[in-house]
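First up is the structure itself, then whatever we jot down about it.
Residue numbers begin at 1 in each chain, while the letters A, B, ... track the order of the sequences.
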Amino acid sequence: MIDLKLLRASPAQVRAALARRGDQSLTRLLDEIEALDMKRRTLTAQLDTLKAERNDAAKTDAQTAKAKGKLPDDVIVARRKLGERITSLESELRQIETTLDAKALFVPNSPLSDVPDEVTVLRSWGTPAPKGGKPHWEIAERLGILDLPRGAKLAGSGFPVLVGAGARLARGLINFMLDLHTREHGYIEVEPPFMVRRDVITGTGQLPKFEDDLYRTMPDDLFLVPTAEVPVTNLHREEILDGTTLPKGYAAYTPCFRREAGAAGKDTRGLLRVHQFDKVELVRFCLAADSPAEHEKLTGHAETVLQKLELPYRVAVLPANDFGFAAAKTYDLEAWAPGVGQWLEVSSSSTYTDYQARRANIRARPRPGEKPEFVHTLNASGVALPRTIAALLETHQQSDGSVTVPPALVPYVGTDRIA
RNA sequence: GGAGAGGUGACGGAGCGGUUGAACGUGCCGGUCUCGAAAACCGGAAUACGCGCAAGCGUAUCGUGGGUUCGAAUCCCACCCUCUCCGCCA
């Protein structure tokens with residue numbers, strides 16, 4: 001949520017930061033918001049004065065009523081008039097606030113100043129295999145571990161069915177990642193609801209602007225989570241946390257459901273873009289001053305997964321015009337997939353500064369007795385399964401068609417080779 | 001799904017429609033006392049918005065939203081949530 005006080009105090013800076021997102025319509029939206037905010041403050045001031053008048057009157061009236069048994073008619077008439085004026089201004093104010101809130105929810109987060117204008121690869125790990133070999137869907141089909149036609153029969157395209165060692169591999173990956181993050185990186189494991197209310201998913205920023213990308217259930221108006229970020233970040237909505245317990249991190253496995261509206265035709269083969277997939281997500285909460293360092297640490301936790309899976313990858317910082325609505329800075333982790341010859345985004349690691357915290361009203365008292373302030377929230381995939389499986393199959397495929405399992409994963413999959 | 005009970009501050013728990021932001025208790029913070037601590041005593045402490053350089057002032061908030069009234073935590077309506085019992089069920 002945009003900070004209206006900041007917009008009021010430094011309109012030029014706010015506009016300049018948002019302009020970097022490259023969305024022309026934002027200028028007009030901000031104009032409207034500023035005008036509404038102005039009106040709102042004028043009306044509030046008027047109303048406060050009238051209400052102060054009413055409160056004073058109520059006190060003297062109480063004594064009058066006690067002394068005389070009842071209030072004089074002319075006093076009642078005067079008070080009623082005052083009350084009517086207040087009621088009418090209140091409804092005017094309510095309408096302005098409703099409009100203002102609705103518009104403010106469409107303003108994205110401001111990119112941090114160190115975000116570049118062009119996508120920039122910061123570092124890479126491992127030696128990417130030369131492009132070649134089979135794409136993952138051919139490998140998987142031959143091994144009988146992935147059944148896309150039957151998934152389509154059940155739910156449509158983009159709903160893969162993993163079979164046998166494929167299902168085992170997915171389950172193993174989930175357990176491996178959760179164990180890694182909870183045992184070695186200090187995360188608390190949570191299993192949240194996979195469906196959430198409208199206001200919850202508004203808190204993390206997917207609503208109201210991106211309703212078309214979500215699956216919605218009837219008749220209860222619950223939304224299937226597109227990422228565990230949604231339920232886990234909202235775990236502390238409407239709370240004031242004890243700042244001395246921060247930073248804190250949660251790791252959660254959930255399936256993720258995405259309609260991918262408008263993405264038809266892109267990455268349609270195999271596992272590259274699907275409507276349902278598994279993911280282990282990392283979510284962190286911290287005080288404002290700590291968030292840059294927390295972001296680096298978080299990204300490192302996601303990288304560890306790829307290193308243990310022996311998957312060459314690179315880390316890129318996304319430009320201001322190419323990351324999520326609620327984010328202030330995003331790193332993408334891309335694993336190399338030689339079969340399709342692409343770097344596959346398997347994790348996105350973002351800091352949201354106080355943007356989600358404002359929307360979901362998540363605060364912390366830095367020390368006992370101090371004023372609460374909005375926390376900073378961050379999250380990263382740690383990591384998403386389908387593309388990781390694709391990279392894994394393509395990277396570790398052997399000439400005989402089998403696929404070796406990296407040592408760290410062997411205990412979880414129960415074999416060192418899928419054949 | 002049926003029947004009932006209830007939602008007040010960090011927590012527990014009061015609150016005849018009229019100076020109630022809200023008694024009391026616990027917890028918390030500061031102080032006195034103590035070699036320290038405990039106990040006791042004294043004092044302090046909610047959140048948001050607006051105005052103000054500031055001290056401060058004003059307004060709102062007793063689940064949420066409406067309504068009645070000169071005046072609502074207190075009365076009425078709707079909704080949300082929690083709990084108990086019954087039914088159904090992995």
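- Rounded to a whole angstrom, the distance from the P atom of rA48(B) to that of rU69(B) is 35 Å.
- Proximity note for Ala52(A) (side chain, C-beta onward) versus rU59(B), rG66(B), rG50(B): the nearest is rU59(B).
- Rounded to a whole Å, the CD atom of Glu238(A) is 16 Å from the C1' atom of rA46(B).
- The CZ-P distance, from Arg198(A) to rU64(B), rounds to 21 Å in whole Å.
- Between the CG atom of Leu222(A) and the P atom of rC81(B) there is a distance of 10 Å, rounded to whole Å.
- Atom CG in Asn55(A) sits about 12 Å away from atom P in rU19(B), given to the nearest Å.
- Distances shown here put every side-chain N or O of Arg85(A) at or beyond 4.0 Å from the OP1 or OP2 atom of rC70(B).
- Across the protein-nucleic acid pair, Gln46(A) atom CD and rC51(B) atom P stand 13 Å apart, rounded to whole Å.
- The phosphate of rU47(B) has neither OP1 nor OP2 within less than 4.0 Å of any side-chain N or O from Arg363(A).
- To the nearest angstrom, P of rA60(B) lies 7 Å from CG of Asp48(A).
- Across rC88(B) and rA10(B), the matching C1' atoms stand 40 Å from one another, rounded to whole Å.
- Rounded to a whole angstrom, the distance from the C1' atom of rG17(B) to that of rA22(B) is 15 Å.
- Nearest-nucleotide positions on RNA chain B place Ile240(A) closer to the 5' end than the other of Arg8(A) and Ile240(A).
- Straight-line distance from the CD atom of Glu239(A) to the C1' atom of rG9(B): 16 Å, rounded to whole Å.
- At the heavy-atom level, Lys81(A) lies nowhere under 4.0 Å from the strands shown.
- Close to rG50(B), at under 4.0 Å from its OP1 or OP2, lies a side-chain N or O of Arg40(A).
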The dot-bracket string of RNA chain B, counting Watson-Crick and G-U wobble pairs with both distances under 3.5 Å, using [ ] for crossing pairs and | for pairs to another strand, is ((((((((.[[[..)..(.....]]].(((((.......))))).((((((....)))))).[[[[[..)....]]]]])))))))....
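- Between Phe210(A) and Phe325(A), the angle of the ring planes goes over 60°, which puts this pair in the perpendicular group of the 30/60° scheme.
- A gap of 15 Å separates the P atoms of rG43(B) and rA23(B), to the nearest Å.
- For His376(A) and Tyr355(A), the ring centers sit 6.0 Å or farther from each other.
- Checked by atom type and distance alone, the side chain of Glu334(A) never pairs as donor or acceptor with a backbone atom of Trp343(A) at under 3.5 Å.
- Applying side-chain contact (heavy atoms from CB on, under 4.5 Å) to Leu169(A) and the options Ile389(A), Thr415(A), Ile174(A) leaves one that passes, Ile389(A).
- Distance from the side chain of Pro372(A) is smallest to rU47(B) among rU47(B), rG71(B), rU59(B).
- With both ends at atom P, the span from rG15(B) to rG63(B) equals 15 Å, rounded to whole Å.
- Between Tyr187(A) and His185(A), the ring-plane angle classifies as perpendicular under the 30° and 60° cut-offs.
- Under the 3.5 Å distance criterion, the side-chain polar atoms of His275(A) are left unmatched by any main-chain donor or acceptor of Gly158(A).
- OP1 or OP2 of rC81(B) sits under 4.0 Å from a side-chain N or O of Arg197(A).
- rU64(B) and rG7(B) have their C1' atoms separated by 11 Å, with the value rounded to a whole Å.
- In this structure, the nucleotide among rA60(B), rU47(B), rC51(B) sitting nearest to the side chain of Arg365(A) is rU47(B).
- Where Lys51(A) and Lys5(A) each meet RNA chain B at their nearest nucleotide, the meeting point lying more 5' is that of Lys5(A).
- Regarding Asp199(A), its CG atom lies at a distance of 13 Å from the P atom of rC80(B), rounded to whole Å.
- Contact annotation: the side chain of His295(A) approaches that of Tyr331(A) to within less than 4.5 Å [non-hydrogen atoms, C-beta and beyond].
- Under the 3.5 Å distance criterion, with hydrogens and angles disregarded, no donor-acceptor pair is assigned to the side chains of Arg417(A) and Thr404(A).
- Residue Arg79(A) has its side chain nearest to rC70(B) when only rG66(B), rC70(B), rC49(B) are considered.
- Taking side-chain N and O atoms only, Arg41(A) has no distance below 4.0 Å to OP1 or OP2 of rC49(B).
- Within a 6.0 Å radius of CZ in Arg41(A), more than 12 heavy atoms belonging to other residues, nucleotides or ligands are found.
- The gap from the C1' atom of rU82(B) to that of rG30(B) amounts to 38 Å, rounded to the nearest Å.
- When the C1' atom is used for both rU20(B) and rA39(B), the distance is 33 Å, rounded to whole Å.
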